[in-house]
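The figures here come from the full heavy-atom set of this structure, side chains too, leaving out hydrogens, waters and symmetry mates. Quick caveat, the model's predicted, so the values are computed rather than measured.
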Amino acid sequence: MTIQPRAFAHVRLTVTDIDRSRAFYDEVLGLPVAFDLPPDADEKTREELSFLFGGVIYQLGDSLFGLRPVASDRFDEDRVGLDHVSFAVDSRADLERASRHLDRLGVPHEGIKDIGAGYILEFRDPDDIALELFAPGS
C-alpha cells in the first residue's frame, strides 16, 4: 500500500528579505493573504502564529503558498531540494498577459515556451528562486 495524496496542501519558500519578497509576490501574483502577523499582535497571537517565522502565507486556490524569512544564502536549483515552483494558469492567453505584466514590473523572464504538454513562462524571484507559470496545451 502507498500513500495517495490528492494535492499539495502548501508550499513554503525560505527567503532572505521578507519585505522585498512580499513586495515581489504581491505585485506579481497578487494572492490574498491567509496568515500574517498583525503589527499590533498581542503575545497570545504571536505565539499562535509563531509558525510564520515572521513571514506570510497566501491563499492559492485550495492550497497555501508561504514565505519564510530565515535564509542566509542564495537559491541554487542544482542543490538537493527545490528545483522550481510552477503555478498553473488556464491558457496561453493568460501567459501572454502575465508576460506583459512582468514587463511592466521590470521582472526579467524567458519567452513563452511550447513544451508539448503545454506552455511555460519562466522567471525568478528576488532570491533567484526559479518560478514558472504553466498553461495546458489547447
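Linking Ile, Leu, Val, Met, Phe, Trp and Tyr whenever their side-chain heavy atoms come within less than 4.5 Å leaves L37 and L67 in two separate clusters. Put simply, F24 and V85 are part of the same group of oily side chains (I, L, V, M, F, W, Y) that touch within less than 4.5 Å, one to the next. Both L121 and V28 are members of a single hydrophobic cluster when ILVMFWY side chains are connected at heavy-atom separations under 4.5 Å.
At a threshold of 4.5 Å between non-hydrogen side-chain atoms, the residues E96 and I112 count as touching. In this structure the side chain of L131 never reaches within 4.5 angstrom of the side chain of E122, judged on heavy atoms. Looking at P69 and D17, their side chains never come closer than 4.5 Å, going by heavy atoms from C-beta outward. Between V15 and R68, the closest side-chain pair of non-hydrogen atoms is not below 4.5 Å.
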Original post:
Can E48 and K44 be said to form a salt bridge (Lys or Arg N to Asp or Glu O under 4.0 Å), step by step?
Top reply: CA-CA 6 Å; E48 289 171 350; K44 181 177 185 263; 2.9 Å; yes
Subject >> Derivation of the salt bridge (Lys or Arg N to Asp or Glu O under 4.0 Å) call for D36 and R22 >> reply: CA-CA 11 Å; D36 187 15; R22 278 194 75 162; 3.1 Å; yes
Donor-acceptor contacts under 3.5 Å from residues 49-61 side chains, at least two apart:
residue : atom : partner : partner atom : Å
S50     : OG   : E47     : O            : 3.1
Y58     : OH   : D26     : OD1          : 2.7
Q59     : NE2  : G61     : O            : 2.9
Q59     : NE2  : S63     : O            : 3.2

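Within the hydrophobic cluster formed by Ile, Leu, Val, Met, Phe, Trp and Tyr side chains joined at under 4.5 Å, directly or through other members, I115 is accompanied by I120, F134.
Applying the ring-ring contact (aromatic ring centres under 6.0 Å, His included) test to residues at least two apart or on different chains, the pairs with a partner in residues 77-131 are F65-F87.
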